[in-house]
Amino acid sequence: MKRRIGILTSGGDCPGLNATIRGVAKACYEKFGEDVEIVGIHDGYFGLINGLCKEMNQSDFSGILTTGGTIFGTKRTPFKMMQVIEDDKVDKVKAMKATYKKQKLDCLLTLGGNGTHKTANLLSSEGLNVIGLPKTIDNDIWGTSVTFGFHTAVDTATDVIDRLHSTANSHGRILVAEIMGNKAGWLTLYSGIAGGADMIVIPEIPYDIEKLAAACERRDSKGFSIMAVAEGAFDKEEAKMKKKERAKLRAEQGITTATARIAKQIEQMTGRETRVCIPGHMLRGGSPSAYDRVLATKFGVHAAELVAKEKYGYAVAMIKEVVSENKLEDVAGKTKFVPEDDQMVKYAKALGVSFGDK
Ligand code: F6P
């Protein structure tokens with residue numbers, strides 16, 4: 001029985017996408033031999049809508065285990081960052097189904113984060129055979145303890161924080177590292193702990209600037225402090241506002257980011273020079289770590305096994321340290337936030353790290 005498998009990568013890229021694609025492909029060629037054809041769909045769902053497809057050869061999947069980015073290119077999901085007009089949505093779904101049919105696909109593998117899984121579930125509910133694979137440096141996909149790309153980003157962010165220590169120390173400054181993560185603070189939490197940050201600020205725990213300033217002052221005898229702050233952090237007052245109101249208030253105050261706001265306030269309150277460091281997309285770049293290569297390979301092989309079993313409508317996941325899967329409909333539309341009583345938060349607090357809440 002011939003199998004024709006479409007693969008796409010969607011949303012923000014991360015290290016480990018190519019390693020996962022390779023894992024899927026190698027396992028499929030191994031399992032199905034001549035009976036498999038793989039179609040690469042370029043630029044995520046945009047490519048599925050617009051028919052940007054390419055027949056792949058086995059050799060196309062060699063030499064990509066260690067490379068960052070994605071060989072298929074990516075774009076944000078087609079229903080994000082815009083007011084979804086129902087007709088437009090219908091047209092896009094129609095176009096995606098048409099490409100799937102035209103390409104004679106037996107199934108579609110979508111590598112992505114929350115938005116990608118939501119669209120994967122939509123396509124699955126429309127009758128396509130879809131399997132999702134969990135990618136994101138944010139580690140915020142519901143139902144999986146880990147996503148590929150996360151640990152590489154933790155390593156990179158930790159390196160940034162490590163490097164800030166010596167210069168903060170030399171100058172007696174407070175250094176604020178802005179770590180990616182708009183909604184979830186996993187990356188900030190893990191890299192903050194790994195990098196020995198003195199304060200960790202995440203969106204799930206709205207901060208009180210007085211508490212953060214007091215924590216800096218408590219460290220005054222040391223002469224410097226390091227704060228790891230998630231890009232999506234907000235204070236207790238802002239926590240009462242809607243996202244738009246928050247953005248409006250910050251615009252009125254001439255403040256663009258949470259870190260800029262924190263740094264300005266902390267400098268005023270402590271009298272200590274405060275600087276912001278934004279590694280930004282560096283956190284998404286580069287070669288996947290050994291951990292992520294292994295994880296990506298496991299996830300890729302598992303997806304190939306699901307294809308062999310024709311088990312569609314699922315999202316590959318790590319559940320209790322075993323590679324498994326959840327129903328796409330259970331994952332779609334949810335976000336895995338850091339719980340306030342998370343063990344890592346407790347451990348960090350036990351070390352005296354301030355989250356600015358108490
Ligand atoms: O979803 C991953 C992520 O890197 C987030 O941490 C960040 O907020 C966002 O993507 C940035 O997106 P973009 O690359 O589209 O600016």
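Both ligands and their constituent atoms are indexed starting at 1 by order of listing. Residues: numbered from 1 along the sequence shown. What you see is a predicted model; the values in this text were computed from it and never measured.
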Is any N or O atom of G181, backbone or side chain, closer than 3.5 Å to an N or O atom of ligand 1? yes
Heavy atoms, side chains only, cut-off 4.5 Å: are I137 and P15 in contact? yes
Side-chain contact test, heavy atoms from C-beta onward, threshold under 4.5 Å: evaluate it for F150 versus L187 and give yes or no. yes
Are Y207 and F234 close enough that their ring centres sit under 6.0 Å apart? no
NZ or CZ of [X] within 45° of [Y] ring axis and under 6.0 Å:
| X | Y | answer |
| --- | --- | --- |
| K75 | F46 | yes |
| K311 | Y314 | yes |
| R173 | F224 | no |

Which bit of L283 gets closer than 4.0 Å to ligand 1, counting heavy atoms only: side chain, backbone, both or neither? neither
Going by the atom numbers of ligand 1, which of them fall below 4.0 Å from some non-hydrogen atom of [X]?
| X | result |
| --- | --- |
| N182 | 8 (O) |
| R76 | 9 (C), 10 (O), 11 (C), 12 (O), 13 (P), 14 (O), 15 (O) |
| D138 | 1 (O), 2 (C), 3 (C), 5 (C), 6 (O) |
| H281 | 13 (P), 14 (O), 16 (O) |
| E231 | 5 (C), 6 (O), 7 (C), 8 (O) |

